[in-house]
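For reference, the structure is listed below as C-alpha cells.
One is the number of the first residue; the rest follow in order along the sequence. In each ligand, atom 1 is the first atom listed, and ligand 1 is the first ligand listed.
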Amino acid sequence: MKLLVVYYSMYGRICKMAEAAAEGARSVAGVTAELRRVPETLPREVLEKMGAVQTLQQQSHIPVCTVEELGSADAVIFATPTRFGNMCDQMRQFLDSTGQLWAKGALVGKVGSVFASSATQHGGQESTILSTHITLLHHGMIIVGLPYSFQGQTRIDEVTGGSPYGASTIAGGRGERMPSENELEAARYQGRHVAAIAARLA
Ligand SMILES: Cc1cc2nc3c(=O)[nH]c(=O)nc-3n(C[C@H](O)[C@H](O)[C@H](O)COP(=O)(O)O)c2cc1C
C-alpha cells in the first residue's frame with residue numbers, strides 16, 4: 001500500500017505537517033508513505049522578493065511529484081498553503097496537469113485527503129481544504145477528513161488549527177508561528193487515519 005503526501009510549502013510549515021502526516025501513515029502495518037513536492041511555478045526573482053529561496057532550498061532533497069506516480073499511489077494526501085482562501089497556484093497547476101489520470105479513471109476509488117495552512121486563524125483554511133476536495137471528487141476519490149476522534153481539534157486552551165475537514169496550521173500575520181505540537185499531532189492522526197482506511201479498502 002503506497003501513500004503519497006503531495007504538498008507545496010513556500011515557507012516550510014506545510015512541509016513540517018507533511019512529514020508528520022507521513023510519519024502517522026507509516027505507523028500502519030504494510031503502508032509505505034513518501035513525500036513529494038509539486039513543481040514550482042514562480043520565477044526565481046519573484047521567489048527572491050517573497051523571501052522564499054532559502055525555505056524552498058531546504059526542501060530540495062524531496063522529489064518532485066510526477067503525474068504517473070500520482071496515478072500509481074493507493075492513497076494521496078494533498079497539502080497546500082492558503083492563497084486568498086484557496087489552494088496555492090503550484091498545487092492548482094499540478095492538479096490541472098492530471099487530466100490524463102482523470103481520463104483513465106486512475107484515481108477512482110482511491111482515498112484522498114487534504115490539509116492546509118494560512119496566516120490567520122480564519123483566513124481560509126476550511127475553504128482551502130473544502131475547495132480542494134472538489135478536484136478530488138472529480139477524480140472519483142474517496143474523501144477522508146480529520147474525525148473528531150482526534151480530540152485535539154476541539155481544544156480552546158490554545159490557538160490551534162484543525163477541523164473535521166483536515167489538519168491545519170496557523171502561520172501568523174507576520175509568519176512568526178510554526179506548527180504547534182497539537183497541529184502536528186493532527187497531521188499525524190490524519191496520515192494514520194487515511195492509511196488505515198486505504199489499507200482496509202485494499
Ligand atoms: C499570495 C498569497 C496569498 C495568501 N492568502 C492568504 C489568505 O487568504 N489567508 C491567510 O490566512 N493567509 C494567506 N496567505 C499566507 C499563507 O497562507 C501562509 O504564508 C502559508 O500558509 C504558510 O505556509 P508555508 O510555511 O507552508 O508556506 C497568503 C500568502 C500569499 C503569498
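Atoms of ligand 1 lying under 4.0 Å from at least one heavy atom of Gly85, given by number and element, are 8 (O). The distance from ligand 1 to the heavy atoms of Met50 drops below 4.0 Å at these ligand atoms: 31 (C). Listed by number with element, the atoms of ligand 1 under 4.0 angstrom from any heavy atom of Ile14 are 26 (O). Atoms of ligand 1 lying under 4.0 Å from any heavy atom of Pro81, numbered from 1 in the order shown and given with element: 20 (C), 21 (O), 23 (O). Ligand-side atoms of ligand 1 in range of Thr82: 4 (C), 5 (N), 6 (C), 7 (C), 8 (O), 9 (N), 13 (C), 14 (N), 16 (C), 17 (O), 28 (C), range being under 4.0 angstrom from any heavy atom.
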Candidate pair Leu70 and Phe78, rule side chain to side chain contact (heavy atoms under 4.5 Å, CB included), full reasoning
CA-CA 11 Å; Leu70 182 69; Phe78 297 91; 4.0 Å; yes
What do the steps show when you test Gln190 against Ser113 for side-chain hydrogen bond (donor to acceptor under 3.5 Å, both in side chains), and what is the final call?
CA-CA 8 Å; Gln190 189 170 346; Ser113 193; 2.7 Å; yes
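Nearest to atom 1 (C) of ligand 1 by heavy atom, out of Arg177, Gln121, Met10, Arg83, is Arg83. In the candidate list Gly123, Ala171, Ala119, Ala119 is nearest to atom 12 (N) of ligand 1, counting heavy atoms. For atom 24 (P) of ligand 1, the candidate residues are Phe84, Tyr8, Tyr11; the nearest heavy-atom contact is made by Tyr11.
Within 6.0 Å of the CZ atom in Arg155, the count of heavy atoms belonging to other residues, nucleotides or ligands exceeds 12. No more than 12 heavy atoms of other residues, nucleotides or ligands shown are found within 6.0 angstrom of NZ on Lys16. Atom CD of Glu158 sits in a crowded spot, with more than 12 heavy atoms from other residues, nucleotides or ligands closer than 6.0 Å.
Only one option out of Arg92, Gln90, Gln93 pairs with Tyr8 in a side chain to side chain donor-acceptor pair (under 3.5 Å); it is Gln90.
For the ligand labelled ligand 1, residue Gly124 lies outside the 4.0 Å heavy-atom shell. Residue Gly12 places a heavy atom under 4.0 Å from ligand 1.
Atom 26 (O) of ligand 1 has as its closest protein heavy atom Ser9 OG, 2.6 Å. Scanning the protein heavy atoms around atom 22 (C) of ligand 1, the nearest turns out to be Ser117 OG, 3.7 Å.
Salt-bridge formation is not detected for the pair Arg26/Glu23: no Lys NZ or Arg NE/NH1/NH2 atom is positioned less than 4.0 Å from an Asp or Glu carboxylate oxygen. Using a cutoff of 4.0 Å between basic side-chain nitrogens and carboxylate oxygens, Glu48 and Arg44 are scored as salt-bridged.
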